[in-house]
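Along the sequence shown, residues carry numbers from 1. Worth knowing before you read on, the calculation uses all heavy atoms, side chains too, and leaves out hydrogens, waters and symmetry mates.
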Amino acid sequence: MNSGEKSGRKSGENTWQKTGEWSDKKLGEKARKYSGEKSGKNSEKETWRKSEEWSDKKLGEKTRKNSVEKSDKKFGEKPSKWRKEGTEGQQRGDRRAEDKVFSKGKKNQSQCPVFRKCGGCQLLDMPYKKQLELKQKQLETLLKPYCRLEAMIGMEDPYHYRNKVHAVFDHNKGNPFSGVYEANTHRVVPVESCLIEDEKADEIIGTIRGMLKSFKILTYDEDTGYGLLRHVLIRRGFTTGEIMVVLVTSSPIFPSKNNFVKALRDKHPEITTVIQNINGRETSMVLGDKEHVLYGKGYIEDILCGYRFRISSKSFYQVNPVQTEILYKKAIEAAGLTGKERVIDAYCGIGTIGIVASQYAKEVIGVELNRDAVKDAIENAKLNDVSNAKFYCNDAGKFMENMAESGEHVDVVFLDPPRSGSTVEFIDSVAMLKPAKVVYVSCGPETLARDLELFRKKGYEARKGWGIDLFPMTNHTELIVEICQTKTRYM
């Protein structure tokens with residue numbers, strides 16, 4: 001998971017402290033003094049502008065441009081074969097693990113001018129190989145009491161991987177700008193481009209920012225509640241190239257909206273759908289409940305592991321499609337499916353894992369509490385002519401408990417819970433249903449370790465884990481653990 005995922009980030013104090021100390025050495029005392037001490041003498045926005053001016057002076061526009069161009073040459077274009085398959089060496093990021101900054105020999109500057117303000121890429125200035133080593137050690141420490149961990153699977157090119165980009169809109173002296181919330185605050189840090197975000201998405205956000213004055217659209221002010229445009233959300237299909245633009249407004253009244261959309265599409269004809277989402281609440285949530293489709297179908301489609309998926313504005317869909325394919329293949333490998341199994345996909349979302357697993361199982365049952373996601377899952381099964389997967393809107397724990405009470409049986413349970421992990425009630429229901437194997441996909445390794453202890457008490461042992469780096473440059477990673485009944489023999 002820049003949006004809600006950033007706000008839910010669990011960096012871990014030890015990791016952050018070590019990374020901070022490392023960054024301090026590399027950035028130098030002079031840069032730290034400028035960005036830290038002077039910020040107390042100015043407003044946040046004034047400080048950012050001066051920091052930007054300082055950064056531009058130091059780097060120069062030509063240097064900054066060359067930095068990007070040289071890094072592109074270094075990493076090269078992604079080969080089409082890698083997009084589809086890749087190799088173990090490529091997946092582990094072994095081929096080119098050096099950080100761009102270090103390749104240029106610059107010791108006192110970051111790749112990003114707002115690195116220390118944004119907080120989104122905690123490990124940005126650490127060489128990628130070192131990032132993978134750090135994450136591997138963290139996961140080994142967490143899983144040591146439970147199971148062995150395979151080598152971390154990294155990316156060949158760990159930049160611009162996010163296919164979902166969220167920008168907060170604000171203004172300074174009547175001038176609109178967009179960016180991200182500073183870590184643990186609601187202060188907006190202006191950002192024009194980001195090294196982990198889809199480049200086309202950043203370009204579209206810049207275009208929208210530049211159109212606001214001519215259309216007399218004011219950005220929303222959280223303090224006064226005045227203004228229209230609050231956020232812009234971009235989703236892009238990695239394989240299909242389809243692009244969704246979500247304009248989050250504080251009011252349903254959007255003057256000249258048709259002309260605005262037409263002007264936007266004239267500049268970006270690749271946009272396939274535009275949605276107005278209305279969020280008039282005083283809340284940290286990005287999206288509101290009501291939406292109007294201003295152009296196109298109101299959703300995009302993408303292809304993952306050979307299956308086509310329909311993605312709406314609120315759908316949960318992994319932000320890193322390259323690594324997600326590896327993640328799902330590893331999860332299905334861990335399940336050991338032979339075509340005879342009855343499988344439950346708990347917390348199924350729009351049905352991605354369940355639909356991909358359907359070709360290897362006899363029957364897949366997807367359970368999800370989000371009604372909109374279940375509708376998408378049902379549509380996705382139809383879209384792919386998958387007849388052996390059914391999806392239900394229900395609490396997964398209660399659903400499995402009812403199955404157990406009815407004497408039903410399943411062989412494998414996939415669960416992919418939120419960062420907060422699963423619950424005692426859910427794990428109790430798994431124990432009641434008695435599947436031979438559980439495959440736990442986690443974006444919160446700390447809560448996973450907690451849940452593994454609960455599974456152990458219910459007669460289930462973790463056997464093996466795989467770390468997959470879905471979030472390069474950040475403290476986060478994804479983890480798969482194979483869990484078996486204690487009595488089940490494992491080779």
Side-chain angles (χ1 to χ4, degrees), residues 85-94 131-155 305 318 320 323-341 343-347 352-354 356-357 360-361 364 410-417 419 421-422 426-427 430-431 433-471 476-491:
E85 299 174 0
T87 65
E88 283 297 311
Q90 289 171 328
Q91 291 166 9
R92 289 177 182 161
D94 291 335
Q131 292 182 35
L132 295 179
E133 290 172 358
L134 175 65
K135 292 181 179 184
Q136 180 76 14
K137 287 179 182 177
Q138 290 174 334
L139 295 182
E140 284 175 348
T141 301
L142 280 171
L143 293 186
K144 187 175 181 180
Y146 304 103
C147 65
R148 63 188 175 92
L149 181 68
E150 297 294 312
M152 173 73 65
I153 301 175
M155 293 191 74
C305 297
Q318 294 281 9
N320 186 336
Q323 294 294 87
T324 298
E325 289 211 351
I326 297 169
L327 177 79
Y328 287 175
K329 288 174 182 176
K330 281 292 180 186
I332 291 167
E333 176 188 323
L337 301 177
T338 65
K340 299 177 182 179
E341 292 82 9
V343 174
I344 283 187
D345 179 11
Y347 309 95
T352 45
I353 294 178
V356 174
Y360 306 104
V364 174
V410 298
D411 302 289
V412 177
V413 171
F414 287 100
L415 69 149
D416 187 3
R419 200 178 300 279
S422 190
F426 178 89
I427 294 169
V430 172
L433 202 52
K434 298 179 181 178
K437 190 171 288 189
V438 176
V439 178
Y440 195 134
V441 180
S442 170
C443 58
E446 294 86 358
T447 55
L448 166 67
R450 176 202 69 198
D451 292 344
L452 290 180
E453 185 62 37
L454 294 174
F455 271 110
R456 176 181 281 178
K457 291 176 180 178
K458 294 294 179 180
Y460 283 85
E461 288 287 344
R463 301 293 188 182
K464 190 192 301 185
W466 295 265
I468 294 136
D469 192 23
L470 258 69
F471 314 105
H476 310 300
T477 191
E478 203 88 0
L479 182 60
I480 300 169
V481 173
E482 176 186 348
I483 306 169
C484 300
Q485 280 185 327
T486 306
K487 64 181 180 181
T488 302
R489 292 183 179 179
Y490 179 82
M491 299 300 292

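- Of the possible polar contacts, none joining the Lys464 side chain to the Arg148 backbone as a donor-acceptor pair under 3.5 Å is found.
- Counting only heavy atoms from C-beta outward, the side chains of Phe426 and Leu415 approach each other to under 4.5 Å.
- The shortest distance between side-chain heavy atoms of Ser442 and Val481 does not fall below 4.5 Å.
- Smallest separation of non-hydrogen atoms from Ala331 and Val439: O-CG1, 3.8 Å.
- With rounding to the nearest 0.5 angstrom, the CG atom of Leu143 is 11.5 Å from the CD atom of Glu150.
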side-chain contact (heavy atoms from CB on, under 4.5 Å) between Lys329 and Glu333, worked out
CA-CA 6 Å; Lys329 288 174 182 176; Glu333 176 188 323; over 6 Å; no
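- Nearest heavy atoms, Tyr347 versus Ser422: OH-OG, 3.2 Å.
- Annotation: side chain of Thr141 is not in contact with side chain of Gln138 (no heavy-atom distance under 4.5 Å).
- Ile326 CD1 to Ile468 CD1: the interatomic distance, rounded to the nearest 0.5 Å, is 7.5 Å.
- The two residues Cys484 and Lys437 come nearest to each other via the heavy atoms SG-CE, 3.7 Å.
- Using modelled atom types, one side-chain atom of Asn320 and one backbone atom of Leu470 make a donor-acceptor pair closer than 3.5 Å.
- Put simply, CG on Leu433 and CD1 on Ile344 are 5.0 Å apart, with the number rounded to the nearest 0.5 Å.
- Between Tyr146 and Phe455, the distance separating the two ring centers is not shorter than 6.0 angstrom.
- For Lys434, there are no salt bridge (charged side-chain N to carboxylate O under 4.0 Å, His left out) partners, not counting sequence neighbours.
- Between the side chain of Arg419 and the backbone N or O of Gly444 there is no donor-acceptor pair closer than 3.5 Å.
- For the pair Cys147 and Ala462, the tightest heavy-atom approach, listed with the atom from each and the gap, is CB-O, 3.6 Å.
- Counting only heavy atoms from C-beta outward, the side chains of Ile483 and Val413 never approach each other to under 4.5 Å.
- Legend: residues meeting salt bridge (charged side-chain N to carboxylate O under 4.0 Å, His left out) with Glu461, ordered by chain and number and at least two apart, are Arg456.
- Of all the heavy atoms in Tyr328 and Cys305, the pair that sits closest is CB-SG, 4.3 Å.
- With rounding to the nearest 0.5 angstrom, the CD atom of Gln131 is 13.5 Å from the CZ atom of Phe471.
- Contact between Leu479 and Pro445 at its shortest, heavy atoms only, is CD2-CB, 4.3 Å.
- Without hydrogens or angle criteria, Gln323 side chain to Asp469 main chain gives a donor-acceptor distance under 3.5 Å.
- For the pair Lys330 and Ile153, the minimum side-chain heavy-atom distance is below 4.5 Å.
- Between the CG atom in Asp411 and the CG atom in Leu337 there is a gap of 9.0 Å [rounded to 0.5 Å].
- If you take CD on Glu478 and CE on Met152, they are separated by 11.0 Å, rounding to the nearest 0.5 Å.
- Note on Lys137 versus Glu140: no salt bridge recorded, every NZ/NE/NH1/NH2 to OD/OE distance being 4.0 Å or above.
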